[in-house]
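The structure appears right after this line, and notes come after that.
Each chain gets a letter, A, B and so on, in the order the sequences are listed, and its residues count up from 1. Excluded from the calculations below are hydrogen atoms, water molecules and symmetry mates; all remaining heavy atoms, backbone and side chain alike, are included. Not measured: the values here are computed from a predicted model.
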Amino acid sequence: MERYEPKNIEQKWQQKWLENKCFQAGDASEKEPFYALVEFPYPSGVGLHIGHPRPYTGMDVLARTRRMQGYNVLFPIGWDAFGLPAENYAIKNNIHPAEVVRRNVEHFRGQIRRLGFSFDDTREVNTTDPDYYKWTQWVFLKMVEHGLAYKANMPVNWCPSCKCVLANEEVVGGQCERCESPAEHRDKSQWMLRITQYAQRLIDDLDLCDFPSRVIAQQRNWIGRSEGAEVTFQLTVDSGELTVYTTRPDTLFGATYMVISPEHPLIETVKSKIKNYGEADDYRRAAARKSDFERTELAKEKTGVRLDGVTAINPVNDQELPIYVSDYVLMSYGTGAIMAVPGHDIRDWEFAKTFGLPIVEVVAGGNIEKEAYTDTETGTMVNSGFLNGLEVADAKKAITGWLAEKGLGEPKVRYKLRDWVFARQRYWGEPIPIVHCPVCGMVPLPEDQLPLKLPDVQNYKPTDTGESPLAAITEWVNTPCPQCGAPAKRETDTMPQWAGSSWYFLRYTDPCNGQELASKDALRRWMPVDWYNGGMEHTTLHLLYSRFWHKFLFDIGVVDHPEPYKKRTSHGFILGSDGTKISKTKNNGMDPDDVVKTYGADTLRLTILFIGDFEKGCQWSEQTLKGCRRFLERVHALACNGTTVDEVKLHQTIKKVTEDIEGLKFNTAIAAMMSLLSLMEKGCAKSDVNIFLRLLSPFAPHICEELWERQGEKGLCCQAEWPQYDPAKTVEESVELAVQVNGKLRATVTVPRGCDNQTAAAAALAAERIQAIAEGREPVKTIVVPDKLVNLIFKG
RNA sequence: GCGAGAGUGGCGGAACUGGCAGACGCGCCAGACUAAGGAUCUGGUGACCAAUAUUGGUUGUGUGGGUUCAAGUCCCACCUCCCGCACCA
């Protein structure tokens, strides 16, 4: 028999699968549809990296298994190809970004094919294809029409290195998520999407989603709902007022001062009354100069300036409260102003200590001399007038009612989530289909003028002024107003990369439709996605954005379901052999192409899945690669003889592998097949091999096709039926019982399965070892766990 | 600080509703085949202590307590690590 040479067989079967259209989803099929989705890649210049094969292999196993189980499977792939890296590469090498993308996609396509993934190659989508982004623009126009897209002058996060604005979600620790430059503040007129309007539904409908708990928790946390009240304080000057938001209206009696954020307009409206306006203004300017990064880094020390000459009146006790301006209060949350209750808020407590302000206890239970008492579960109101004696929860209700009655405040729900900054000042993105007309104002491009294509330019370089390179293309920018025909100008910002990926899974259902984003029929057949696997890093970005878009499309009747994904799972990252992030320079990882060349795609696939729990992080190791290659060599060398393999073991393995695939426990599924192989090497029949190959084929599809053919089986292994197990045959006729004495294992005995407790106990007691220990004594107690163990309790 | 995980041999990792801890793989040890083995095959392999050499015992899942006939698994307290959010009132 010839040696196992992956390179001789893998390409051959990849070709056969293609010729036989094995992986094309059927649009007219009677079979039950199953939509398996992986996050489509950004086709970068360096090609497929370690991050890609893991989720793809995992979902490929699932898709291949589902096909064999008789489902009509949609398992597509595409290219999320707009974005900065292609543009930066284009600038550096003076090649058009479209050409860069074309090359990269070709490279990726080849790599993906060489790994044997069963993607439907007839449904590829590319976000930079005008036939695709036509519909991205269309959804945007629908959002404009429904008031969900708007342009507003906003303080935005600006990345000085990328030279464009960032969404809140793209700022991590005050830094640009992509290049780690500290983000700056800029005031800019920006296109925004009103995702906040969907905040509550994005929380509520998590109940409809089968997502990992950590994903649900992270999304909830990100949306950040809080319940509280807005309370209005009268000022002692100009009959002005100051409204604050608080989640603890119950502590109103404990407010000893007020704080407004440096950006709060009050400073200007009562400017003439502020005796130390100069000082306040200096503080405000200093705060404005700080980047988010600096603000968070320097968050330890509380700073601020008291506004001299202006005070507020606490509505519950008419106490006069000083007002401070401090950057620990953010303009972007609540009303940009707070009532400070140092006794029961950590930050207020720190501020009060720094500035020597009074700290009043209004909830008993802590020691406010030492620290703020923030517990809301236990505690009784004190020093709080009519609230005295109430528990916190009751006090909240009482004060809220009182405030509403007096017209001083009302209950309010707030979210941390902010609207989505939906524009970038770069070339390589979807043009925003809007025309600015001096007569009509902002005019959406009529639908029949879509797609609005990107013009060819010579220079893609972004500008420091914050204008997109498109602004320099006068022949493109200047256009007659679609409404009145007057000379007008196009919007020159483009959409962020997240636009195209917010609905791509819909396009896969009907990728060539020129009339609609996808036909109703196709959407009904395939949506919602049955199983979506992707990275945790997208939880508050892509996953949230796409849920929002889908809800909007649901509201306007494009899709029939409020949620796009039924089930979401997340793979763990593969770290380098040294436990750190894989990088080329550290040489601690692997290049998929190299591994395929030396070991073969099947070995790589197996290794990626065997190396650890799919949903947990794991470490790359060459050693595992060797073990998996050895396993496949043994499979290749497997020969039948006259005997058959143990039937129980065979059925147990079918059960184990089938169930483990469902739970993404690929590592233990492979372990079970390894055990079965060891047994089969001692003796098996052709029919055993037939079953074994079908079990293994989703994991190592090429070698299984080869052996399937070698064995003279009909058709293709990947189109064979998934093996069934007989539950009756998964259990042995006899079982080995553990025999314990006083809880310690002392012997094992073999008894018939399902024998009664007396029989089991008697067998245990009869064991030689147990006899020796018992020395004729009778156990004072006997515990029998059927088919598992007997525990004999002896005295003394 | 808040939220969600994790801690098991030399290593990667198994272990269902509490029921024989360490499956499977790597490595290592011994043997076989060899001119040779960094190839392949067979057997062994948590630690420690005994020994009639077949086994017997003790101990062992981050730490300290607890519940139970029985705990990696449940309860309480704590330590460490990773991830997400973080002055969100």
Side-chain angles (χ1 to χ4, degrees), chain A residues 172-174 212-222 224-226 228 244-248 251 259 261 295-296 298-302 326-330 332-341 344-348 350-351 374 414-418 536-537 539-540 572-573 575 577 579 606-607 610-613 615-628 630-631 633-634 637 656 659 665 667-675 677-678 681 736-748 769 772 779-793:
Chain A
V172 177
S213 57
R214 52 187 175 150
V215 171
I216 294 197
Q218 261 183 50
Q219 288 212 349
R220 281 229 169 86
N221 190 2
W222 187 260
R225 180 194 155 98
S226 72
V244 303
Y245 173 69
T246 178
T247 54
R248 296 294 303 277
T251 62
V259 187
S261 93
R295 270 209 197 183
T296 49
L298 305 171
K300 332 283 184 247
E301 294 292 312
K302 294 281 180 291
S326 171
D327 64 4
Y328 85 91
V329 171
L330 309 174
S332 50
Y333 187 76
T335 61
I338 61 156
M339 63 174 206
V341 185
H344 305 283
D345 181 279
I346 295 162
R347 297 145 303 180
D348 296 347
E350 286 168 0
F351 189 88
T374 57
R414 287 274 178 189
Y415 304 90
K416 288 193 222 170
L417 185 70
R418 301 188 212 154
M536 278 305 287
E537 74 276 19
T539 301
T540 55
F573 280 115
L575 294 174
S577 43
L606 221 46
T607 305
F610 185 62
I611 201 158
D613 188 322
E615 297 184 271
K616 288 187 198 142
C618 61
Q619 233 172 294
W620 177 252
S621 110
E622 288 287 320
Q623 312 302 330
T624 310
L625 208 47
K626 272 167 74 179
C628 289
R630 254 180 239 174
F631 168 65
E633 276 168 11
R634 283 165 57 197
K656 175 83 178 147
E659 289 173 356
K665 303 292 177 202
N667 51 341
T668 48
I670 293 166
M673 289 187 281
M674 286 173 167
S675 297
L677 178 69
S678 296
E681 281 170 332
E736 199 177 56
L737 292 185
V739 183
Q740 297 181 338
V741 175
N742 296 341
K744 286 201 168 134
L745 181 72
R746 289 293 183 243
T748 56
R769 199 58 229 121
V780 292
K781 195 172 172 188
T782 303
I783 292 134
V784 179
V785 182
D787 295 339
K788 290 265 184 204
L789 122 175
V790 177
N791 190 5
L792 305 164
I793 314 301

Original post:
Can you check B:G9 for me, syn or anti if syn means within 90° of 0?
Top reply: syn

Original post:
What does nucleotides 39-51 of chain B look like as a protein-contact string, B for base, S for sugar-phosphate only, - for none, at under 4.0 angstrom between heavy atoms?
Top reply: -SS----------

**OP:** Could you encode protein contacts along nucleotides 1-24 of chain B as a string, one character per nucleotide from 5' to 3', using B for base contact, S for sugar-phosphate-only contact and - for no contact, with a heavy-atom cut-off of under 4.0 Å?
**Re:** --SS-------SSS-B--BB--BB

**OP:** Please report the closest heavy-atom contact between A:Val244 and A:Ile338, naming both atoms and the distance.
**Re:** CG1-C, 3.5 Å

**OP:** Start with the C-alpha distance between A:Asn742 and A:Ile793, add both sets of side-chain angles, then the distance that settles side chain to side chain contact (heavy atoms under 4.5 Å, CB included), and finish with yes or no.
**Re:** CA-CA 5 Å; A:Asn742 296 341; A:Ile793 314 301; 3.6 Å; yes

Subject >> Assigned partner base of B:G37, Watson-Crick or wobble definition, under 3.5 Å >> reply: none

Subject >> For B:G46, the Watson-Crick or wobble counterpart (both distances under 3.5 Å) >> reply: B:U59

Original post:
For the atom pair CD1 (A:Ile611) and OG (A:Ser621), what is the distance rounded to the nearest 0.5 Å?
Top reply: 5.0 Å

Original post:
Counting only Watson-Crick or G-U wobble pairs whose two distances fall under 3.5 Å, which nucleotide matches B:A53?
Top reply: none

Original post:
Does the side chain to side chain contact (heavy atoms under 4.5 Å, CB included) test come out yes or no for A:Asn221 and A:Lys416, once each step is laid out?
Top reply: CA-CA 9 Å; A:Asn221 190 2; A:Lys416 288 193 222 170; 3.8 Å; yes

Subject >> C1' atoms of B:C33 and B:A14, separation to the nearest Å >> reply: 34 Å

**OP:** Any strand is fair game: report the nucleotide pairing with B:G72 by Watson-Crick or G-U wobble, both distances under 3.5 Å, or none.
**Re:** none

Original post:
What is the nucleic acid contact for A:Arg746, judged by heavy atoms within less than 4.0 Å: base, sugar-phosphate only, or nothing?
Top reply: sugar-phosphate

Original post:
Which value, in whole Å, describes the distance between the C1' atoms of nucleotides B:G22 and B:G46?
Top reply: 8 Å

**OP:** Quote, to the nearest angstrom, the P distance that separates B:C78 from B:G3.
**Re:** 14 Å

**OP:** Scan A:Ser332 against the nucleic acid and name what it touches under 4.0 Å (heavy atoms): base, sugar-phosphate only, or nothing.
**Re:** nothing

Subject >> Criterion side chain to side chain contact (heavy atoms under 4.5 Å, CB included) against A:Thr374, the qualifying member of A:Val341, A:Ile346, A:Asp345 >> reply: A:Ile346

Original post:
Looking at A:Ala340 and A:Val259, what are the two nearest heavy atoms and their distance?
Top reply: CB-CG2, 4.4 Å

Original post:
What integer distance in Å separates A:Asp348:CG from B:C87:P?
Top reply: 14 Å

Original post:
Using purine N1 to pyrimidine N3 plus N6-O4 or O6-N4 for Watson-Crick, or N1-O2 and O6-N3 for G-U wobble, both under 3.5 Å, which nucleotide pairs with B:C24?
Top reply: B:G12

Original post:
P atom, B:C29 versus B:C20: distance in rounded Å?
Top reply: 33 Å

Original post:
Taking the same atom, P, in B:G64 and in B:A71, what whole-Å distance lies between them?
Top reply: 16 Å

Original post:
Taking the C1' atom of each, how far is B:G1 from B:U17, in whole Å?
Top reply: 36 Å

Subject >> Distance below 4.0 Å between A:Tyr333 side-chain N/O and B:A89 OP1 or OP2 >> reply: yes

**OP:** With heavy atoms under 4.0 Å as the rule, sort A:Arg220 into base, sugar-phosphate or nothing.
**Re:** nothing

Subject >> Most 5' of A:Ser678 and A:Ile793 on RNA chain B, judged by nearest nucleotide >> reply: A:Ser678

Subject >> Parallel, tilted or perpendicular: rings of A:Tyr328 and A:Phe351 (30°, 60°) >> reply: tilted

Original post:
Hey, does the side chain of A:Thr539 come within less than 4.0 Å of B:G84's phosphate (OP1/OP2), counting only N and O?
Top reply: no

**OP:** Mind calculating the distance between CE (A:Met339) and P (B:A89) to the nearest angstrom?
**Re:** 12 Å

Subject >> Side chain to side chain, A:Arg769 and A:Thr748, heavy atoms closer than 4.5 Å >> reply: no

**OP:** Decide yes or no for A:Arg634 and A:Ser678: does some side-chain heavy atom of the first lie under 4.5 Å from some side-chain heavy atom of the second?
**Re:** yes

Subject >> Rounded distance in Å between the C1' positions of B:C48 and B:G60 >> reply: 10 Å

Subject >> Note, A:Gln740 side chain near A:Leu792 side chain (heavy atom, < 4.5 Å) >> reply: no

**OP:** Return the nucleotide paired to B:G7: Watson-Crick means purine N1 to pyrimidine N3 with N6-O4 or O6-N4, wobble means G-U with N1-O2 and O6-N3, both under 3.5 Å.
**Re:** B:C79

Subject >> Integer angstrom distance from the P of B:G72 to that of B:G62 >> reply: 10 Å

**OP:** Please test A:Thr251 against A:Met339 for side chain to side chain contact (heavy atoms under 4.5 Å, CB included), starting from the C-alpha separation and ending with a verdict.
**Re:** CA-CA 10 Å; A:Thr251 62; A:Met339 63 174 206; 3.8 Å; yes

